[in-house]
Each structure stands twice: as C-alpha cells, then as structure tokens.
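Report on the structure given below.
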Amino acid sequence: MAESPDSRSLVSASSQLNLMEIEAIDDKEFDIPQVDTPPTLESILNEPEEDDEPFILEDTCLLNTENIDAHSCETSSLSVYVHLRRRKAVETNATVHGSVLRRNLLKGISAQIVSAADKVDAGLPTAITVSNVIAVGTSHGLTLVFDQNQALRLCLGTTATGAEYGAVSALSINHDCTRLLCGFAKGQITMWDLANGKLLRTITDAHPPGTAILHVKFTDHPALAVCNDSGGSVFELSFRRVMGMRTCESRCLFSGSKGEVCCVEPLHAGPELKDHPITHYSLLAMASLTKILLIGLKPSLKVWMTFPYGKTDPASVPLLAWQFVAVQKTINPVLAFCRGDTIHFLLVKKDESGTIHVIKPRQLLLNCDLISLSWINPHTLVLMDSTEKLRVVDRPSQEELETVDMAELQLVYNSSHFKSLATGGNVSQALALVGEKTCYQSVCSYAGQIMYLGTKRVDHLLKQEKFMEALSLAWSFHEGTAKAVLGLFADPAKRKGVVADKMVEILLQYVDRSLKKCPEQGKIQLMEQHFQDMVPVTVDYCLLLQRTDLLFNQIYPRLVENSVARGVFLESLEPYILSERIGCLTAPVMRDLLSYFQENGMMDSVEGCLVHMDITNLDIQQVVQMCWDNQLYDAMIYVFNSGMNDYISPMEKLFQAIGPPLREGKPLTDEHVVMGNKLLVYISCCLAGRAYPLGDIPEDLVPQVKNQVFEFLIRLHSVEAAQEEEVYPYIRTLLHFDTREFLNVLALTFEDFKNDKQALEYQQRIVDILLKVMVDNSDFTPSQVGCLFTFLARQLAKPDNTLFVNRKLFDQVLEFLCSPDDDSRHTERQQVLLELLQVGGVVQFDEGHLLDLAEKTEFYQICEFMYEKKHLYDKIVDCYLKDPLRKEELFNYIHNILSMPGYSSEEKQLVSVKALQHIKDLVSINSAKTAELVAVHFADKVQPIITSLQDDYLAFQFLKCLLNPSLNPQTVLKLGPDLHELLVDLLCQFSPQQVIAFLKTSQDYRLEEAIQITEKHKLHETTAYLLEKKGDVQGAFEVLLQTLKGKLHKLALEGSETDKPDGEEEETGDEVPSLIQRVEEALHDIIALCQRSSHGLNQQQREALWFPLLEAMMSPQKLLKGADTKHTSEALKELTMKVLNSMSSFIAPPAIIQRILQDPVYGKGKLAEIQGLILGMLETFNYEQTLLETTTNLLNSDLHWSLSHLHKAVSRGLHPRQDHCNICLQQYKRRQESEEEIIIFRYTHIYIQIVMMYKSQFRKIYPYDKFCGPVSSIYSIQYTYTYTIYIYSIICTLQEHSPMTFAITNKTDAFHILFFLIILNACC
C-alpha cells in the first residue's frame, strides 16, 4: 500500500488533525491582523470569527414533498479503488495553490477483491468504510476486512448468507475499531467482532420488513447506533447484554410517512473533545427530501431545529458532514449540508446559561450538482459533482483550490438499494429519483484521507447491459491504455488474445440483445434508429480486431433475419468501403449490397462502393449491364479494367454512344457531354499509366495498355462500320467533341515519348492522321484548325523534336486564316493565328508575306506581334489607332515605351513623334488620358499641341483635363495665364455652368482679362464673382442688381399681360413659375453678396447696398394689378420679406420702415398693405429675443448647479486618518486646552496652521500662478489640493486684513473670486 491509513490511535490522530487545522485558519475570514511572532494555539482560539452572523434558528414547519414522476432505472456502476490523502497544508493566500490532493491506487486491496470474486464468488464491491482497518462489502453479502498493509484479515459472512440477505448496502465501524455493523439490501443487520471475526448479532426486526438498509451508523455512545431504511424511516438501535444474551432494542426516531429521510450523520468527537458540552447530547443530523433535522438522542429525544431546503432539483442528493471548528474562542461542531449546488453551514454551541444555539454562517454557492461532501480540516471541503469531478474548496474564502477529474474512477452508486430492488422495489418515485446519483457508501473519510470505491469490471458492465461501455473498456485493455488494470497477462500478445476473445463474445451478445429488444411495433424510424445505434459499433470493433470473418459470417447472418437490421447493416458498410477500411466482401454480402442499393435507388452509392472493392467474385456482365443502364460509367470502366483486364471495351461502348450525334451534327445532351468528358479522362489515364477512376495500372500492364489504346484510336474503321463511315472515326469523334482538350491529352502523352521508339512512331502517325482529318475539311472551324497547328507548333518548337510536318501545310493554314474575302469569325481567326505565332509557329512562315496578309485582313494584333519582333514600335501606334477594340490601350503602350528602360533613345523618339502626329486622334479617343500623357511626357509642348488641334471643342476637352485639378489632380501643370484664360474662354462657350467652379480652384489667370472674357460672353454671375474677388463690391453689386432687375421686369411683363390669345395663355402659365424661380436664384446670389460685404462696411455703405436691392424688389409690384396677377404679386412680396429679414441684421429697423413708407407702392396706400412686412420683421425680432433669453437661462442654471455642488462639497465633514502634519510630521495635540489650530483638507491631509504659512508671506511661498490651473478644472467638484491651499490663504487674509481689494483683470479671475467667496461663506 503506497500510503496506508495512519496506525496511530484515534486519539492521537484526532489531536494531530485538530492542531494542524487550527494553525491554518484563514485570516481572510477572521480578519486576523499581521503580527511579528507566530500565534499560539490559545491566541488563535481566542480570535473571533467576524464573518459569522449569529442567530438562533426557530423550528420550521415541514415542507410537502413534491409529486415527482420518475421511472426507476439502474444506474451504471464502474471503477477502481482510489485513495486520496491531503498533502501538507499550503498557504491559502497564494494565487497558485499547487496540488492539494495526492491520488493513490490501493492495488493490494483491488487485486484481492478481484481474486475473491473469481475464487469464492464474492461478487462486486458495493460499500466501504474506513477506520484503522478498511472494510469492503460485496454484492454477494461478504465483507472483506483489510489491515493497514492491504492484507486481508477477515472475510465476514458467506455466499449462502448473501443469497438470503442480499448485497451489503451499508457499513459502519465504532470509534475504537472493535465492532462492525453490516446492513443488507433485504433489510438485515449484522454486528461483527473485528478482533476475531465472530458474528455477535443478527438483527432482523429493527425496522419494517421489505425495505433495504441505506445507512447504519455507530454513535459515540458505545451501545447506540442508528439506521435508515429505504422506506425513509430512521431507527435508534440500543445494544445490551443481559445475562450473557446479546440483544438489540429498536426505537423509531423519524417515520418515512412524514417525509422520507435518505441520509443520516451522527456527530463524532475525538477523545480530546469527550468533555465538550455538545457531545453529551449525541447529536444526529437527518436529511429528508424536503428539510434538514437536527435532533439530540441523549438524555432524551429532542428536536433541536429543522431547516427547509427551499426550491431544489428533485434529483439532487441531500448531503451531510460534521466537523469541529474553532470559532469565537471555542471549538464547536459545524454541520455542512447541501442539496444541489449550495452548501449551508450550521454552528451548534451552548452558552453559559445552558441555552443551545444554532447559528448559520454564510453559505457556499457552487455551479455544480454535488453528490458527495467531506471535510478534511475545519475549513477545507472535498466535494464531488455529478460529472465525477473532485473539487477542493476553502470554506472561508470560498475559493476552489483544486479540481481533479475522477471520471476514470466511475464510482459505485447505491441506486439499486435506494430503489430497494432486492425487496421488490416498493419505494416512492421521489426516493428512487434521488437514488440515481447516490454514492453514500462509496465515499468514506478518515484522518485526512478519503476512500472512493469503484469497479470497472467488464462483466459488471455486461450485467448492466452496458455493451458499448464494456467494449470501450475491453479495447482499452487490448491496447494497454487502461489504468488500474488487474488480473490480465503482462505479455501483450497473450493479453490481446484473451481480450479479443472476450470482445468477440461481447459483440455476439450485443447483436443478440439488440435483435431481441428491437421495437416490434411503432414507426419504422424507431427501428432504424435502434439498429443504427448498434451496427456501426459492431462494424468498428470487428475491423479493429481485424475479424471481417466474424462480421460477414456470424454477425451478418443473424441480422439478415430482420429486414430493417439488414438494411441498416448494408448502408453502414458504405463509409467503410469508401475509406478503404473494407476492401473485400463475401459473395453473398456483395450481392445483397448491390441489390439493396439498386432497389432503393442508391446508385451513386453503388458506383462509389464498386470502385473501391475487389469485384472478382461478381457476375461481371450483370454488373456491367447494371452500371450502363444506370449511367454509372466510372463503375463500368472499373469493372472492365479490374475484373477482366479489359481497357478497350469501355471506350468502344462510350464511342458508340457519343459518335452518332456528333457525325450527324446534332447537339449533345448533358448525358453525352458527361460520357465524352469521362472518355477523355479515361484515355488520358490509360496513356499515363494510371487506373481510372483511382489508383495505378499494374506496372507489368502499362506498356500493353498504352499500345492497345493507341491501336484503338488510330483504327481506320470501327468494328461494325457502315459503308458511309469516314476513316479514323475515333480520332474524328474526339476532335469534334472537344478539339482543344483532346490535343491537350495528346500533348501530355507526348511528354513521355522521349526514348521509346515505338511510342515515337505512334506519335508521328497520330500527327499525320490529325493533318489528314482536319486540313481541307469544312467540318472543322478555324478555331479547331488553329488549335491543331498551335499544337503542332508547340511540338515542333521543342529542342528534342522528332516530328515532321510539311511546311506547305502551315502556308495553307495561313492562307485559310487570312482570307480577306471571309469576314466571318474575324476575331476568332486572328486569335488562332496569334496563338500559333506565340508558340513558335512564326518560323514556319515567310514574315514579309505574313505581314502583308495581316494588314490586308486587318489582323492588327498580328501586325503588332511582327512589328514588336522587328522593334518597329512607332508602327505599333498605328496598329492601336486602327484597331477599334484596342484604342484605349494605346495610352498605356505609349507611356510604357517612353518611361520603361530597355528601349533605345531613337525608338523612344520615333514613338514620341508618332504620338504628337496623332495627338488629335488621341484627344478624340480619351481627352483625360491624353492630358495625363502630355503632362508626364510632353509638358514642354503644350502650346504647339493646342495649336495643332485646330478645333475649339477638342482644345476645350484637352485643356479642361490638363488644367482642372478637380478632374485629375496628378496631371495639373503650372502653365502660363494665357492658357488658363483660353480655357476660361472655352468654358464660357461650351460649359458656362463650370466657369465659376474653375475660377475658384484656379489662381493662375489675370482678373482683368478674365472679366473681359466673361463680359464678352455676358456671364453676369461670373463677372460679379470676379469683381468681388478684385475688391469692387459695388461693381459686383451693380452687375447682379441689373441682372435681377432684368428678370423682375420680364416677370412683371409676363404677369401683367392678360390680353394674349388662348393659345398663348397656357404657355404663359407655365413660363411664370420658371421666371419666379430664376428671380429667386438671382436674388439669392445678390443677398449672399450683400451679407458677405456688409461686415466690413459702415452704416452708410451698407444702406447703399441694401436699399437699392429693396427698391428693386418693390418697384415691379406697381405693374402687377388685378386678380390675374395675385400669384405673382404674392411671390414678389414673399421675396421682398426675405430681403427685409436678411437686411435687418445690418440695417436699423427704423431706417427700413422709413424707407418702406417712402416707397410709392406702400406710402400712398393704407397701413394694412404694409402690415404684413412690419409684422414679419417683428416676428423675426421676437424669435431672436426668445432665443437669447433661453440661452441666458440655460447658462445661469448651469452656473447655479455647478456652484451648489461646489458648496456642498466643501461643507462636508472630514475625518483625518493620520495624527501628524503632512509637512513637518509633528503630531497635533488632542487636548482641548491646546491653542494650535489644524487644517483638514478634502483628501484627509492634516496641516498645522502655523507650519503651513504666514499670513502675509503666503503669496510669496505659494504664488497665484502656481496653483491656479485652467478654468475647466475649477468646474470640477474634485478640485485639487493646490486650489484648497490657495482658498485657505484668501480666508486668512480676509480675517486678519479686511477689507481686502481684489484686482479682477479678466473673466477667469472673476470666476475664481466668486468661487472663493462661496467657500469662505461655507467655512465661516
């Protein structure tokens, strides 16, 4: 045993445990101050636990048990023995705690339990308890007792007794390790003497019959124990010996009819605490499904408290654990209990008056469902959740110190006992539901150690019908990856043989069980799902064991009996076949597989499986016919090749399908296209030595297959040829189907024909056949013929070429492609010839003749190719200009020639001259790119270029791109003003709306000349802009005013003409709104001018601008009389109101009103006529006044809020944390008679007034500029320390030298003074 339980007596172990744990009390919980010397035990015991909030719990009423609908099912039980021991205490304050637990496997005990199960049929372990010995109960009623060295001391009971009593369901050892109580699944209890193994008592009437013993516990009283049965009742067992007779009296402590109890825990105290006042009461904690009960058994039965759980998960397990803890100067017992994820603590103590108090400290909340709870010291808990993860938690800090995954252990659960299966299962549904996760008898703690009981026996899993878990475990044994393996051979070969035989047995059992438990009724989906859960597992393990014979000869025949199982099995084979884990099937399985897939329309699956399997044992003709009928061409080819080594028949069948429609010129269907593509790929694979659709052809067959394919392709006629069949039908068919791809296949094949003499002969023969079939044949397009000669040119250009092609054929092809009389497919023929030249075909032609033909046929790309080869780059410019599809590419070409290295200066000069000669054409093609080209390469030739354009519009387009930065900023040149003025002139002619935008962005023109140009073209708005820019505001105003007057005059005439003929009335009605819009636009321009200029003018100059504008708007209204002019008159009045609103910001309202009244239109009329104008002015004034008042109120409110918060901040009382001055470090006197004054600032700094400053010298020590920061910092309530000092200086100055005069020089100073006065008022 790696680390056995301590052999010390219980007294010494408990004393050592308590002393150790008291020394490790966490100061986070108890707030213990740091000291220089380590604390003694007495000092630690006297420290109060401040986090505890004591209160006395009153008795609470019982909660009703919820009605829970749950079915009873057996919980799986697995495992090994694991021993955990707490390591040396670690500092809880450390961030990294290290490993708190050490895990040991008790191999000796585990091996002996396995041996006992095999030799004496002891059964599987079911319960464990630990003291100075370890006792393990089994499923066949035996109890094995081991000593500290893991040696078997006693074997208590017999299998015969086990058959009568059932499995051992509970164990308990008394405090001096002399007695052992065993509870059984059928309700009996036995007591044993651990010294000699003698049976002392057999108790059969301690509780109602028909219920299992869930718990049996000794108390600290040597003759008193308690037991808990599956009926939820708790009984007290009193042991007596009268006249040599051993007896047992039973008393019911709690009836299950009031709420079923599923956990009991008596309080155990060590010998050092035997005189503790609480121990005399023999406390017992009981956990029912709804609450916790705490009772005292001595001196008489008494219920001390009840505590309901509240709302919990019905499936959660109630847990209890006692521990003595040092709290508030005394050591008292604490009960930890939980159900679910929250652990509660109850402290039980007795005060001086004898009153028993039950205090509830803070609870511990975890995010997991707990199934086990144990203490290892007064403030450390070891928990296990429902996922079998072990968690070590520090109670005071609620910190999780360590987590250990115990899933490998797989605990023994006590589910069958809680369901009382041994007695007929007569338990409530609620208790059965809780029992699903109970492991009370599998966890036992003692002296800082915790024992966990588990079993991982494969046989046990099989009994539980956990076949998949059993197979997984067995495979881990087979591979040697399982942990805690006992009872297997050390030799890997022997071990694998034994385990493999066992796995075969399990697989057959699994199949039989699945067939028997298949749902006989219900939906077919349920049956399919049933077998889908089983079949893949079976196939996997058969393949892992390499036992396909087992799979196909034993398992499959059993599954065939069920049609659903047969279908699921056959479908499940597909992924294994595709992944090549299964490469060969037996003949019956193969036939069934193909038949099943065909019957269910799964032909794609058939094809996928066929090409991955050995099909030698199939009926080849039947499979081929099936593949052809269902268009499974890949599978058909694979069957021919693999089954019969026939590589020609698949091609014959495919040619027979696609040949007729191609010869007749009919369009191919999608099916024919698929067949043709597969045929090309298949031919390519055969010629390259690769198998189709995957793999490689056997090396000894590769030359034979290549020769067969070549011979087949070059056949003069097909096997069943008609009289009208043309020669070489197979090559002709492939050329018609896809010329380019077929030639690519040949090109790839020719790459391998370097040293093979026979292959070179095939190569020359195929080329001759291609020329014979395609040249002078109208069935092939120029593109197809071009593909042929491109292919030939590539082959001829190779350095190791052995092909021979007559050069006249190339001349013939050239004449065919460059025929000037044939305009059809011009682009296609040019592209074919260009591709032919690029691959090296130019050596086959006379270059002069080729160039002449290309120019006649307008093959400009061919001309470019030839010119570039001769370095005639200037002539390439003409090619681009003549080619309508590539004119735009000319600019990049010229730029590359002139800017890139690699060209001589003479070549660049010729290209430059050619570009300048065709500059007019370039501008016509793209003026923007021409301007960019000129800016980069011809910046010094702009004037000659403009002169050579000889067209105003072309010059306009060119200059607009050259000089306008908004179009292309990268091409703008700094040219003379004459060119800018020329562009202004051209803009006035061709794009008047863009003139002002250009004048705003350009600064290189002369104002006088520009003004003359705009006046010449009568662009008044542009002239006004230039005059304003010149500084002649009055002149600009006059120009705009005259424009406005002209438009107003025209509007007045149009509006007053009512005597027009009927045909013109409609035209007038449409023209008036347009005139009003033009007037509004002109008015907007002149108002904007007046507003911009008025800021720099005096009152008289402003009136000289605004009043003429106002008069111009009023005068046309005299001409508008009558009802027909109402719309126009209203529009003019609205525009006049707009002028008044605009000028009111610059002209005094009295002057405006006076001018209105002086106007003949309004002066001679009634007041009502001008009422609208005046009211409009007043409304504008009222709006602005309201806006001003609102803004002022907002500012005042904000200022008041800020000052009120500052006042509140400085009025707050401050509590100093120090007792000395921050400057001189002198302690201030606390006596009342002290005359010293201290100052406390906001941040609780303390200063002695005398040390801090002298009243008259403070400004010298702390100047104003040093402490007064920016204004924004004063608005903050969190004002700085420096401001506070400055405030204090002002207070002292006012008190001693009042009155005081402040020199306020700006708004910032004024605000500072206001702020300081508020502080002064608050302080004084």
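Computed from heavy atoms alone, side chains included, the values below leave out hydrogens, waters and symmetry copies.
Considering only heavy atoms from C-beta on, V539 comes within 4.5 Å of L551 through its side chain. The closest side-chain heavy-atom distance from V226 to F235 is not below 4.5 Å. A 4.5 Å side-chain heavy-atom check between L101 and L390 finds at least one atom pair inside the cut-off. Residues V393 and L383 meet the side-chain proximity criterion, which asks for heavy atoms closer than 4.5 Å. Using a 4.5 Å heavy-atom cutoff, the side chains of Y510 and V537 are in contact. Put simply, the side chain of W475 reaches to within 4.5 Å of the side chain of L545, judged on heavy atoms. Residues S374 and V443 form a side-chain contact, since some pair of their non-hydrogen atoms from C-beta on lies under 4.5 Å apart. Counting heavy atoms from C-beta outward, I343 and F337 have side chains that stay 4.5 Å or more apart.
Atom CD of Q323 sits about 10.0 Å away from atom CD1 of I376, to the nearest 0.5 Å. If you take CD1 on I134 and CG on L152, they are separated by 11.5 Å, rounding to the nearest 0.5 Å. Atoms OG1 and CG, from T178 and D193 in turn, are 7.0 Å apart once rounded to the nearest 0.5 Å. Taken from CD in E260 to CG in L214, the straight-line distance is 10.0 Å, to the nearest 0.5 Å. Here the CG-NZ distance, from N228 to K217, works out to 10.0 Å after rounding to the nearest 0.5 Å. For the atom pair CG of D341 and SG of C368, the computed distance is 7.5 Å after rounding to the nearest 0.5 Å.
Checked for salt-bridge contact, D369 and K437 meet the test: a charged N lies under 4.0 Å from a carboxylate O. Ion pair R581/D540 flagged as a salt bridge, since at least one NZ, NE, NH1 or NH2 atom sits closer than 4.0 Å to an Asp/Glu carboxylate oxygen. With respect to the salt-bridge test (charged N to carboxylate O, under 4.0 angstrom), the residues R391 and E402 do not qualify.
Taking every heavy atom of both residues into account, G157 and L142 meet most closely at O-CG, 4.0 Å. Here the shortest heavy-atom pairing between S514 and M534 reads OG-CG, 3.2 Å. Heavy-atom minimum distance, G197 versus W192: O-CE3, 3.6 Å. When all heavy atoms of Q148 and N132 are compared, the closest pair comes out as CG-O, 3.6 Å. Here the closest heavy-atom approach between residue G231 and residue T211 is recorded as N-CG2, 3.9 Å. Taking both residues in full, the closest heavy atoms of H268 and F324 are given as O-CE1, 3.6 Å, listed atom of the first, atom of the second, then distance.
Side-chain contact, E479 with S476: no donor N or O sits under 3.5 Å from an acceptor N or O.
In terms of modelled atom types and a separation under 3.5 Å, the side chain of T219 and the main chain of L224 share a donor-acceptor contact. Of the possible donor and acceptor atoms, one in the side chain of N377 sits under 3.5 Å from a partner among the backbone N and O of H379. With R558 contributing its side chain and L515 its backbone, the two residues share no donor-acceptor pair below 3.5 Å. For D394 (side chain) and E399 (main-chain N/O), no donor-acceptor pair under 3.5 Å exists by modelled atom type. Panel note: side chain D385, backbone E388; a donor-acceptor pair is recorded below 3.5 Å. No donor-acceptor pair closer than 3.5 Å links the side chain of T438 to the backbone N or O of Y440. A donor-acceptor pair under 3.5 Å links the side-chain atoms of R339 to the main chain of S316, judged by distance alone. For the pair Q150 (side chain) and G108 (backbone), a donor-acceptor distance under 3.5 Å is present. Without hydrogens or angle criteria, T158 side chain to T161 main chain gives a donor-acceptor distance under 3.5 Å. In this structure, the side chain of N174 engages the main chain of R179 through a donor-acceptor pair within 3.5 Å.
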(message) Would C182 and I189 count as a side chain to side chain contact (heavy atoms under 4.5 Å, CB included) here? Give the steps.
(response) CA-CA 5 Å; C182 299; I189 300 174; over 6 Å; no
(request) Applying side chain to side chain contact (heavy atoms under 4.5 Å, CB included), run through L507 and L550 and close with a yes or a no. (result) CA-CA 10 Å; L507 288 171; L550 171 68; 4.1 Å; yes
(request) Could you go through the side chain to side chain contact (heavy atoms under 4.5 Å, CB included) check for F184 and T190 one step at a time? (result) CA-CA 9 Å; F184 292 89; T190 60; 3.5 Å; yes
(message) side chain to side chain contact (heavy atoms under 4.5 Å, CB included) for L171 and L181? Distances and angles first, verdict last.
(response) CA-CA 6 Å; L171 294 172; L181 282 176; over 6 Å; no
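Classified by interplanar angle (parallel below 30°, tilted 30° to 60°, perpendicular above 60°), the ring pair F418/H215 is perpendicular. The aromatic rings of F218 and F239 are tilted relative to each other, their planes meeting at an angle between 30° and 60°.
The residue from T126, T159, D121 that alone fulfils the side chain to side chain donor-acceptor pair (under 3.5 Å) condition with H140 is D121.
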